[in-house]
Amino acid sequence: AIAEAKAAAIKAIELDPGLAEAHVALGDIRLWLDWDWSAAEREFGQGISLNGGSALAHDQYATYLAAMVRTTDAVREATRGRELDALSPIVNTDLGWCLLYAGRIDDAVEQFRVTIGLDANSAAAHWGLGSALTEKRDYASAIAELKQAVALSEGSPVLMGHLGMAYGLSGDRAQASKVLTDLNALAAREYVPSSALALVHVGLGRNSDALDLLDRAYD
C-alpha cells in the first residue's frame, strides 16, 4: 500500500503545502520506498519548520538520521520527540532504537523498559528490549522478551527472525532451526522478508547463507 500512501501524501501537499504531517509522511516514503536520501531529509526538515512542536516530525526525522548512521543526531531528535510527547509509546520506542543504534545499549535497555511501563502490550517495545538484551548477550532474558513480542504481534515474521537469531546465539540450535522451519512454511503462504530468514542463519553461524539472503532482500 506504500505506493498509494505516496500518492495520498503528494495530494495532501497539493491541497495544503503548509501541512507538516503531509511532508513528514512524504519524507518516510522518500526514505523507505524511493531511497532518495536528500529528498527525505528535505521533507522532514520542511515538516519540522512548519511545526516545530510536532513530536511525530522529530521522531520520524530521527529514524531517517538513524538509517543514515548519524546516530548522535538521531538520539537528539528522538529525545526532542519524547520531550514533546512523553507518553507516546511509539516515540519512546523509537528513542530506544536510536540509543541502541548509537551503541548505548544500557541506555536502550532502560528506555525500552520505560516504554513497556507506558504500554505493556507494545510489541515494538518488547522487540526492542529483546534486541538490546541480545546485544548484551543476556540471551535468556532476550528470548523471553522476543517471545512476548512475537505473541503480541500475532506472529510477525520479522520478530520471529530476531527470536530465531537469539535462540541460535544462545546455543539452542534446535529452537533456532524450528523457527527457521516455521518461517519457511509461512513463506509458502505469505510474504516473509529474506532479512528475517537471514537473522536466523546469523544466529546459527551460517554467515554465507545469511549474506545470500541479504543480497536477495536488497534485490
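What you are looking at is a predicted structure, and each value in this text was computed from that prediction instead of being measured.
Between R216 and D219, no side-chain nitrogen of the basic residue sits less than 4.0 Å from a carboxylate oxygen of the acidic one, so the salt-bridge criterion is not met. With salt bridges taken as basic N to acidic carboxylate O contacts below 4.0 Å, none links D59 and R80.
W37 and V24 fall within a single hydrophobic cluster, where Ile, Leu, Val, Met, Phe, Trp and Tyr side chains are chained together by heavy-atom contacts under 4.5 Å. A continuous path of Ile, Leu, Val, Met, Phe, Trp and Tyr side chains, each step under 4.5 Å between heavy atoms, connects L197 with V158, placing both in one hydrophobic cluster.
For D34 (side chain) and D36 (main-chain N/O), no donor-acceptor pair under 3.5 Å exists by modelled atom type. The closest donor-acceptor contact from the side chain of H23 to the backbone of P17 lies under 3.5 Å. Listed for the R82 side chain is no donor-acceptor partner under 3.5 Å among the backbone atoms of L95. Proximity of a side-chain donor or acceptor of N92 to a complementary backbone N or O of A86 within less than 3.5 Å is detected. Proximity of a side-chain donor or acceptor of S141 to a complementary backbone N or O of D138 within less than 3.5 Å is not detected.
In this structure, I90 places its CD1 atom where only 12 or fewer heavy-atom neighbours from other residues, nucleotides or ligands lie under 6.0 Å away. Residue E14 qualifies as enclosed at atom CD: its count of foreign heavy atoms under 6.0 Å is above 12. No more than 12 heavy-atom neighbours from other residues, nucleotides or ligands sit within 6.0 angstrom of CD on E154. Counting non-hydrogen atoms of neighbouring residues, nucleotides and ligands closer than 6.0 angstrom, the CD atom of Q175 exceeds 12 such neighbours.
Atoms OH and CG, from Y101 and D94 in turn, are 9.0 Å apart once rounded to the nearest 0.5 Å. Here the NZ atom belonging to K178 is positioned 10.0 Å from the CG atom belonging to L183, to the nearest 0.5 angstrom.
Between S131 and L146 the shortest heavy-atom distance is N-CD2, 4.3 Å. Shown here for L159 and A149, the closest heavy-atom pair between the two residues is CD1-O, 3.5 Å. When all heavy atoms of S156 and S153 are compared, the closest pair comes out as N-OG, 3.1 Å. Among all heavy-atom pairs drawn from A132 and V109, the shortest one is CB-CG2, 3.7 Å. Scanning all heavy atoms of the two residues, the minimum distance from T115 to P89 falls at CG2-O, 3.5 Å. The two residues I13 and A22 make their nearest non-hydrogen contact at CG1-CB, 3.6 Å.
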Margin query: Run E43 and I48 through side chain to side chain contact (heavy atoms under 4.5 Å, CB included) and show every step you take.
Written below: CA-CA 9 Å; E43 293 298 337; I48 290 172; over 6 Å; no

Margin query: V200 vs M165, test: side chain to side chain contact (heavy atoms under 4.5 Å, CB included). Steps then yes/no.
Written below: CA-CA 4 Å; V200 188; M165 180 174 70; 5.7 Å; no

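Between Y64 and F44, the ring planes are tilted. Angles from 30° to 60° get that label. Classified by interplanar angle (parallel below 30°, tilted 30° to 60°, perpendicular above 60°), the ring pair H162/W127 is perpendicular.
In this structure the side chain of S195 never reaches within 4.5 angstrom of the side chain of L213, judged on heavy atoms. Counting heavy atoms from C-beta outward, N121 and H126 have side chains that stay 4.5 Å or more apart. Residues Q46 and L26 are not in side-chain contact: their nearest non-hydrogen atoms beyond the backbone lie 4.5 Å or more apart. Counting heavy atoms from C-beta on, the side chains of F112 and W97 come closer than 4.5 Å.
At a cut-off of 3.5 Å, with distance as the only test, no side-chain donor of Q111 or R104 sits close to an acceptor on the other residue. Checked by atom type, the side-chain pair E41/Y61 shows a donor-acceptor distance below 3.5 Å. Side chains of S122 and D119: no donor on one and acceptor on the other come within 3.5 Å.
Here N207 pairs with nothing under the side-chain hydrogen bond (donor to acceptor under 3.5 Å, both in side chains) rule; sequence neighbours left out.
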